[in-house]
2 protein chains.
Amino acid sequence: MLVRIDPDSPAPLHAQISAAVRRGIAVGEIAPGERLPGARDLAAALGVNLHTVLRGYQELRAEGLVELRRGRGAQVRTDAAPAVAALRQAVHALVEEARRLGLSATEVTEMVREAMA
Amino acid sequence: MLVRIDPDSPAPLHAQISAAVRRGIAVGEIAPGERLPGARDLAAALGVNLHTVLRGYQELRAEGLVELRRGRGAQVRTDAAPAVAALRQAVHALVEEARRLGLSATEVTEMVREAMA
DNA sequence: GCACTTGTTCTAGTCCGCATAGAACAGTTA
DNA sequence: TAACTGTTCTATGCGGACTAGAACAAGTGC
């Protein structure tokens with residue numbers, strides 16, 4: 001499991017951390033039931049504060065993706081289903097609409113690239 | 001033209017204002033060439049500061065949706081086609097969801113590229 | 001030309017969320 | 001029991017959001 005953050009990003013660090021784990025679950029990098037790195041370890045590895053990591057973990061718990069328990073750490077819930085399918089569906093709808101407007105593939109991908117920047 | 005904002009929303013007020021106008025253009029509530037309410041008027045109507053409204057307007061100008069000119073006010077660009085604005089909004093929603101999932105820009109654009117092929 | 005409107009720019013202040021920091025606490029595991 | 005791990009608490013510094021007031025400049029309409 002790999003968590004990377006960008007200190008220069010406008011997105012809060014805790015959000016980046018939860019997003020990284022969320023993505024890991026979504027794409028299957030992190031299996032249901034798997035244990036996440038300890039908050040203190042991850043904080044040290046990322047060079048951020050313990051509380052920042054814990055906040056990210058708590059966001060994931062609020063979403064029902066992980067369980068947090070003292071002494072045991074953070075564990076991915078077994079019923080945490082990947083959410084990528086929904087995103088893929090949204091992409092499909094977007095592409096259809098773009099086609100209807102006669103936009104080229106490069107124009108659409110450029111729009112996405114700009115929006116992601 | 002109707003702009004509504006929610007002071008309790010975590011979204012910044014200027015973002016809410018630009019989003020409302022963006023949506024108005026997308027759904028055809030605001031026609032191309034139409035003049036937006038004056039920043040001072042809208043600020044008074046919404047109970048926010050002039051600078052907050054202007055910041056929202058400037059975001060729209062950065063996206064190429066409106067033109068701002070002293071003395072003339074804010075005007076929806078004639079080439080700001082509602083359909084394209086709608087697509088832009090769809091892209092925006094998609095990107096936000098992708099961000100929530102922690103997907104990278106390349107991962108998303110790759111998904112779109114595949115879907116367009 | 002002149003008054004008025006409207007966006008632009010500048011400075012300044014308050015408020016709140018983000019992140020950091022340290023410490024003590026309470027379950028869990030070996 | 002000892003080590004580990006999340007939980008809770010207090011405190012501090014920083015930066016963005018928002019407000020506020022003022023002066024300025026370009027356009028409009030009489």
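Here the structure is a predicted model, which means the values were calculated and not measured. To find a chain, count down the sequence lines: A is the first, B the second, and so on, and within it residues start at 1.
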- To the nearest angstrom, how far is L13(B) atom CG from dA20(D) atom P? 12 Å

- Query: Distance check: side-chain N/O of R70(B) vs OP1/OP2 of dT28(D), anything under 4.0 Å?
  - Reply: no

- Which whole-number value in Å describes the distance from L68(A) CG to dT28(C) C1'? 14 Å

- Phosphate contact (dA17(D) OP1 or OP2) by T52(B) side-chain N/O below 4.0 Å: no

- Task: Could you check how far CG of L36(A) sits from P of dG6(D), rounded to whole Å?
- Result: 9 Å

- Relative to the 5' end of DNA chain C, which residue comes earlier, L50(A) or A15(A), by the nucleotide with the nearest heavy atom? A15(A)

- Query: CG of L46(B) versus C1' of dT19(D): gap in Å, rounded?
  - Reply: 15 Å

- Query: Would one find a side-chain N or O of R55(A) under 4.0 angstrom from OP1 or OP2 of dG17(C)?
  - Reply: no

- Separation of dG7(C) P from Q58(B) CD (nearest whole Å): 10 Å

- Query: Looking at dT7(D), dA20(D), dT20(C), which one has an atom nearest to any side-chain atom of N49(B)?
  - Reply: dA20(D)

- Between dG16(D) atom P and H51(B) atom NE2, what is the distance in whole Å? 18 Å

- Which nucleotide in the list dA23(D), dC18(D), dT7(D) gets nearest to the side chain of R40(A)? dT7(D)

- Query: Once you round to the nearest 0.5 Å, how far does CD1 of I5(B) lie from CG of L46(B)?
  - Reply: 4.5 Å

- What one should report as the nearest heavy-atom pair of S18(A) and L60(A) is O-CD2, 3.5 Å

- Spatial distance of atom CD (E96(B)) from atom CZ (R99(B)) [nearest 0.5 Å]: 7.5 Å

- Query: Given atom CG of L54(B) and atom P of dC24(D), what is their separation to the nearest angstrom?
  - Reply: 19 Å

- Protein-nucleotide distance (E67(A), atom CD; dT5(D), atom C1'), rounded to Å: 15 Å

- Query: Has R61(B) got a side-chain N or O lying under 4.0 Å from the OP1 or OP2 atom of dT8(C)?
  - Reply: yes

- Joint cluster assignment, I30(B) & L54(B), ILVMFWY side-chain distance < 4.5 Å: no

- Item | Atom pair CD (E67(A)) and CD (Q75(A)), whose distance is rounded to the nearest 0.5 Å | 7.0 Å

